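Comments concern the structure below.
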Amino acid sequence: MKPSSNSNRRDIITAGFASETESQDDHGRVPSPASFSASDRQFSHVEQYTANAMACQFELLLNLHEYKNASDVALKSFALIDAFEDQMSIYRDHSEISQINRNAFHEFVAVESRLYGLLELAIGICKATGGAFDITSGTLSETWGFSRRQGSIPTDAEIQNALEMTGSNWIQLQTVNQSIRFARQGMKLNPGGIGKGFAVDHAVALIIENGIDNFVVHAGQSSVVARGECRSRNSHPASLGWKIGLSHPTTPGRRLAEICLVNTALGTSGTQRQGFYHRGKRYGHIIDPRTGYPVDHCLSATVICPSAARADALATAFFVMTPDQVRDFCDRHSDVSTILLLPGNTDGEIRIESFNADELAIEYFIK
């Protein structure tokens with residue numbers, strides 16, 4: 001099926017079988033090897049609508065033939081995601097984010113209400129994680145060449161210069177007129193670590209408003225929201241939730257675990273698909289905004305919580321934080337569950353640490 005001409009470049013594919021695909025995303029959050037894919041058995045009887053946006057593939061999965069308005073709702077949701085991409089992309093000069101980056105040091109810049117809410121959320125998560133997630137880390141990514149996919153080692157002076165332009169504490173927000181100003185020249189917002197989840201959350205709200213309550217939406221297989229239940233022909237009575245596969249972080253095509261998502265969101269961060277080697281050492285694209293250097297102590301971080309935007313940002317933060325810091329955060333936030341995949345004591349060994357995950361339905365395929 002193809003949309004009408006007023007849907008621009010959008011091609012939406014409808015299928016009775018959802019396949020496992022590995023999407024790549026260069027919008028600041030490259031899907032890690034811990035990205036998510038549907039269980040083959042369960043997802044053999046779903047409708048699948050796909051569209052490309054934010055340099056990755058978005059998918060809407062629904063029970064086959066359950067909703068007559070599925071294709072219309074898919075078009076609406078993908079059009080909404082398109083609008084958010086046009087608003088948030090740092091690669092489009094006309095985007096609202098690009099205009100903020102150019103002008104916010106010189107004056108307060110008015111911000112559209114939904115984007116203003118995203119900025120408030122991002123700043124709140126920055127404070128809650130001690131700066132491990134920071135939406136102002138765009139200059140650091142540029143300094144290391146990751147924003148251009150041309151990684152290189154910067155000098156200590158270059159890193160220090162980028163750090164001086166990094167920090168959500170230098171953002172000034174005016175709630176009354178919803179505007180933003182930078183207190184440091186050279187600062188740049190980069191919503192790549194939270195933008196896909198933000199778009200997914202709003203698409204989910206639109207889908208629910210249109211009377212659909214059993215579905216999965218994912219972006220690049222690294223940001224997922226599940227609602228209702230999957231009703232496979234082989235399931236009687238219908239089982240709760242949707243089973244989402246957690247891929248092995250270092251072995252493509254191998255599944256590490258399966259998680260049953262019930263009315264919740266899931267986000268993951270990892271660096272296996274974007275990085276570079278220098279003198280035998282690998283540098284991944286996730287940078288600790290507090291130090292200015294890439295992180296190498298984690299393979300992937302997965303977060304399950306009510307909001308996809310929050311899950312995205314926390315997954316990035318938890319990848320940067322130590323396991324003890326993640327544990328302390330989860331102790332203070334009972335609605336956040338986490339799975340960390342860490343290097344083991346021997347080459348190729350994976351150590352799994354999870355927090356607040358006892359109540360989740362998780363089946364691990366490795367010990």
Side-chain angles (χ1 to χ4, degrees), residues 29 31-36 118 120-135 137 168 193-194 196-198 200-201 218 222-226 240-249 256-271 284 286-291 295-344 350-367:
R29 276 181 53 91
S32 74
S35 61
F36 301 89
L118 174 65
E120 289 184 314
L121 175 63
I123 292 172
I125 293 174
C126 181
K127 293 178 180 178
T129 60
F133 172 82
D134 200 312
I135 197 172
S137 61
S168 291
I194 194 172
K196 286 194 301 180
F198 173 76
V200 167
D201 281 335
H218 79 72
S222 64
S223 303
V224 184
V225 171
L240 292 176
W242 295 75
K243 292 181 179 178
I244 306 298
L246 175 60
S247 298
H248 196 284
L256 183 144
E258 200 168 67
I259 306 169
C260 186
L261 291 187
V262 181
N263 297 330
T264 193
L266 181 152
T268 187
S269 283
T271 62
I286 298 179
I287 300 171
D288 187 338
R290 301 165 299 183
T291 68
V295 179
D296 61 4
H297 65 264
C298 187
L299 296 174
S300 75
T302 297
V303 172
I304 300 169
C305 68
S307 158
R310 189 171 173 227
D312 271 3
L314 287 177
T316 300
F318 290 176
F319 189 94
V320 168
M321 296 160 65
T322 67
D324 287 342
Q325 290 171 335
V326 175
R327 179 188 293 109
D328 290 343
F329 184 97
C330 291
D331 286 345
R332 299 192 307 271
H333 300 83
S334 60
D335 64 333
V336 176
S337 302
T338 305
I339 302 170
L340 299 180
L341 303 183
L342 306 165
I350 294 177
R351 180 164 56 95
I352 301 173
E353 292 204 24
S354 61
F355 311 112
N356 290 345
D358 292 343
E359 301 301 319
L360 300 176
I362 305 175
E363 181 182 1
Y364 291 101
F365 302 140
I366 67 169
K367 301 298 183 183

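The structure displayed is predicted, hence computed values, not measured ones. The residues of the chain are indexed from 1 along the displayed sequence.
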Residues in side chain to side chain contact (heavy atoms under 4.5 Å, CB included) with [X], at least two apart?
X: Ala132; answer: Thr129, Arg290, Ala317, Val320, Met321
X: Ala309; answer: Leu121, Ile194, Phe198, Asp201, Ser307
X: Ala226; answer: Val216, Trp242, Leu261

Nearest-0.5 Å distance that lies between atom [atom1] in [X] and atom [atom2] in [Y]:
X: His297; Y: Phe319; atom1: NE2; atom2: CZ; answer: 7.0 Å
X: Arg327; Y: Ser354; atom1: CZ; atom2: OG; answer: 10.0 Å
X: Leu246; Y: Thr268; atom1: CG; atom2: OG1; answer: 6.5 Å
X: Leu256; Y: Ile352; atom1: CG; atom2: CD1; answer: 5.0 Å
X: Thr302; Y: Leu314; atom1: OG1; atom2: CG; answer: 12.0 Å
X: Ile259; Y: Ile304; atom1: CD1; atom2: CD1; answer: 4.5 Å

side-chain hydrogen bond (donor to acceptor under 3.5 Å, both in side chains) partners for Glu353, two or more places apart | Arg351
Give the minimum heavy-atom separation between [X] and [Y], together with the two atoms involved.
X: Lys196; Y: Ser223; result: CB-OG, 4.1 Å
X: Ala265; Y: Ala308; result: CB-N, 3.4 Å
X: Ala311; Y: Cys305; result: N-SG, 3.6 Å
X: Phe133; Y: Ala313; result: CD1-O, 3.7 Å

Hey, mind stepping through Ser269 and Ile286 against side-chain contact (heavy atoms from CB on, under 4.5 Å) and telling me if it holds?
-> CA-CA 9 Å; Ser269 283; Ile286 298 179; 4.0 Å; yes
Counting distance only, does the side-chain N/O of Asp312 pair as donor-acceptor with the main-chain N or O of Gly197 below 3.5 Å?
->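 Yes; at least one donor-acceptor contact below 3.5 Å.
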Sequence neighbours excluded, which residues qualify as salt bridge (charged side-chain N to carboxylate O under 4.0 Å, His left out) partners of Asp358?
-> none
Please tabulate, one pair per line, all N/O donor-acceptor pairs under 3.5 Å involving side-chain atoms of residues 333-343, not counting sequence neighbours.
unit_1, atom_1, unit_2, atom_2, d
His333, ND1, Phe329, O, 2.9
Asp335, OD2, Arg310, NH1, 2.7
Ser337, OG, Asn356, O, 2.6

